[in-house]
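Every number for a ligand or one of its atoms is a count from 1 in the order of the listing. Along the sequence shown, residues carry numbers from 1.
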Amino acid sequence: MTEIQTLPTRPIEGQKPGTSGLRKKTAVFRQTPYLENYVQAIFEGIGGIEGQVLVVGGDGRYFNDRAIGVILRMAAAHGAARCIVGRGGLLSTPAASHLIRSRKADGGLILSASHNPGGPEADFGLKYNGPNGGPASESVTEKIFARTRDLQHYLIWSGEAPDISRLGTASLGAMEVEVIDPIGDYADLMARLFDFDAIRGLIAGGFRLRFDAMHAITGPYAQEILERRLGAPAGSVVNGTPLPDFGGGHPDPNPIWAHELMAAMHAPNAPDFGAASDGDGDRNMIVGRGCYVSPSDSLAVLADLAHLAPGYAQGLKGVARSMPTSCAVDRVAEAKGIACYETPTGWKFFGTLLDAGRATLCGEESAGTGSDHVREKDGLWAVLLWLNILAVTGKSVAALMADHWARYGRNYYSRHDYEEVDAAAATALIDDLRARLPELAGARFGALAVARADEFAYDDPVDGSHAAGQGLRVFFENGARVVFRLSGTGTAGATLRVYLESLETDPEKLHQDPQDALAEVIMAADAIAGIAARTGRAAPDVVT
Ligand code: G1P
Ligand code: ZN
């Protein structure tokens, strides 16, 4: 006979949610009761789920299906009224956010490690989103973490979870499990925001596009929207079948990991427009023919021209960017006379601004762009906004970028990542630099003089919450900037991120290679933090 089981457990070390939920090696998550403990802590940390409606879905990576079975059985045991699940357990992160909002659910569990590789040897992740559809706030994740340290048991329904490969409703004890089409509602939302007729006309006129789904969740979404609804020829979406290990690849849409797309876009017969998304569909990369668009520049261009799309025709209430994101969008906001907020890294910090109607568009340098249509960043949304702008202006990506830089100047920008660095060495680098921040003002590094240096902290203007320790910043007198912070999403060692930026307004110097334009800032960053000496790395592992 099936029943609610109360199984004994003990706290497990290190179940602390990072920048975006809890991410660990798949092998760690698979070891019972690792997942069970964390789900129990979520349900307790948010104050119980009795009678609630939850959305459950993930990016389809290895272990997605079995983890969903456990989550459904635990939700039933905790008295949830209903779980809404994407067919096959699939939901892109933005589609999950939309579903929570459109169905007025109480929250959702999203299974993903985003752009990290998937598979038995790779990464897995789980995060809780609240009723606004956005990632849980810091105060909620702290409560969840506190519960992980104090668990004595977890509750689980003893029977099997229902088959989620077919649409329809089944029951699990007293709980209903509703399996829905993961794509239709999301595609309808996009059709409301953007001028699909204009984009269809552009494509019918011979405009060619290539969307690389990187064997991840956006494949079926992009096929439905770009090929079926907008008329792009079959095959415009490449690597469109989601695979549990993403084809062995690294589903992170940047020039390094999406090098196939970069090569296609720089080939002699390149398409007019290229784009890619990540494991769970919230990131985007935009590239024109022979013209890569950095995420920070993309945010600025979208902020400048979003009003050309029907969903944003009223203009923007304000914009927000994470602190390490370049300041390109700031000058657009200034020109438009709208507010520009600077938040810590991670989408969870945009939620209050979006909910309060203070910001319409948000973005991060890490290929995340989005708006108040959901409470997550949204890869396909950014692609469609770009296509809408291209259709209305009739200009190429390269021409739009040249126009933008000519008007606003160009914020040369790059991020250098040192991955899987010894954790103690990385922490020491940051701690020592933090201690030296007060003495840096006035110091010279090559041609650059430091104007000021600090550690970024944030006071949320809506809910008054305070976030400290959000990255070390060094500002130079010529307006250049370098930021140092440690990643909060890695699963092995530490990843040091160094964000480099410098503004160029001389019309003669707007078309350089960013690494050349930033050479002095790069040298100064190494001199300031002793990166090579402390990490033992002569060069970064990933340059974006
Ligand atoms: C990284 C990005 C950050 C993004 C997060 C989740 O976090 O830098 O902008 O919000 O992934 O996609 P990090 O590893 O730097 O903590
Ligand atoms: Zn992602």
**Asked** Relative to the heavy atoms of Gly346, which atoms of ligand 1 are at a distance of less than 4.0 Å?
**Response** 10 (O)
**Request:** Taking only heavy atoms of Arg497 into account, list the atoms of ligand 1 that are under 4.0 Å away from them.
**Result:** 8 (O), 13 (P), 14 (O), 15 (O)
**Item:** Tyr186 and Asp378: side chain donor to acceptor below 3.5 Å
**Value:** yes
**Prompt:** Atoms of ligand 1 less than 4.0 Å from Arg485 heavy atoms?
**Reply:** 13 (P), 15 (O), 16 (O)
**Prompt:** Can Asp59 and Ser112 be counted as having a side-chain donor-acceptor contact under 3.5 angstrom?
**Reply:** yes
**the Zn ion (ligand 2) to Asp278: nearest N/O/S atom name** = OD2
**Message:** So if I count the atoms of ligand 1 from 1 in the order they appear, which ones are less than 4.0 Å from some heavy atom of Gly488?
**Reply:** 13 (P), 14 (O), 16 (O)
**Prompt:** How far is atom 2 (C) of ligand 1 from its nearest protein heavy atom, and which residue and atom name does that atom have?
**Reply:** Ser366 OG, 3.5 Å
**Message:** I'd like to know: is the Zn ion (ligand 2) within the 2.8 Å range of an N/O/S atom from Asp280, strictly under that distance?
**Reply:** yes
**Prompt:** Considering all heavy atoms of both residues, which atom of Ile286 and which atom of Ser298 are nearest to each other, and what is their separation?
**Reply:** CG1-OG, 4.2 Å
**Prompt:** For ligand 1, which atoms sit closer than 4.0 Å to a heavy atom of Glu364?
**Reply:** 3 (C), 4 (C), 9 (O), 10 (O)
**Message:** Less than 4.0 Å is my threshold; does some heavy atom of Gly368 fall inside it relative to ligand 1?
**Reply:** no
**Request:** May I ask you to check if any N/O/S atom from Ser114 comes under 2.8 Å of the Zn ion (ligand 2)?
**Result:** yes
**Tyr312 and Thr360 side chains, donor-acceptor separation under 3.5 Å** = no
**Complete:** For Lys377, the atoms of ligand 1 under 4.0 Å from one of its heavy atoms are 4 (C), 6 (C), 10 (O), 12 (O)
**Prompt:** Side chain or backbone of Ser487 under 4.0 Å from ligand 1, or both, or neither, by non-hydrogen atoms?
**Reply:** both
**Complete:** Min over Lys127, Arg283, Arg415 of heavy-atom distance to atom 11 (O) of ligand 1 lands on Arg283
**Asked** Is there a donor in the side chain of Ser277 and an acceptor in the side chain of Asn284, or the other way round, less than 3.5 Å apart?
**Response** no
**Message:** For Trp347 and Phe350, take the angle between the two ring planes, folded into 0 to 90°, and tell me which bin it lands in: parallel under 30, tilted 30 to 60, perpendicular over 60.
**Reply:** perpendicular
**Request:** Please determine if Arg375 and Asp355 form a salt bridge, counting it only when a charged side-chain N lies under 4.0 Å from a carboxylate O.
**Result:** yes
**Asked** Can you find a side-chain donor-acceptor pair between Glu138 and His466 that sits under 3.5 Å?
**Response** no
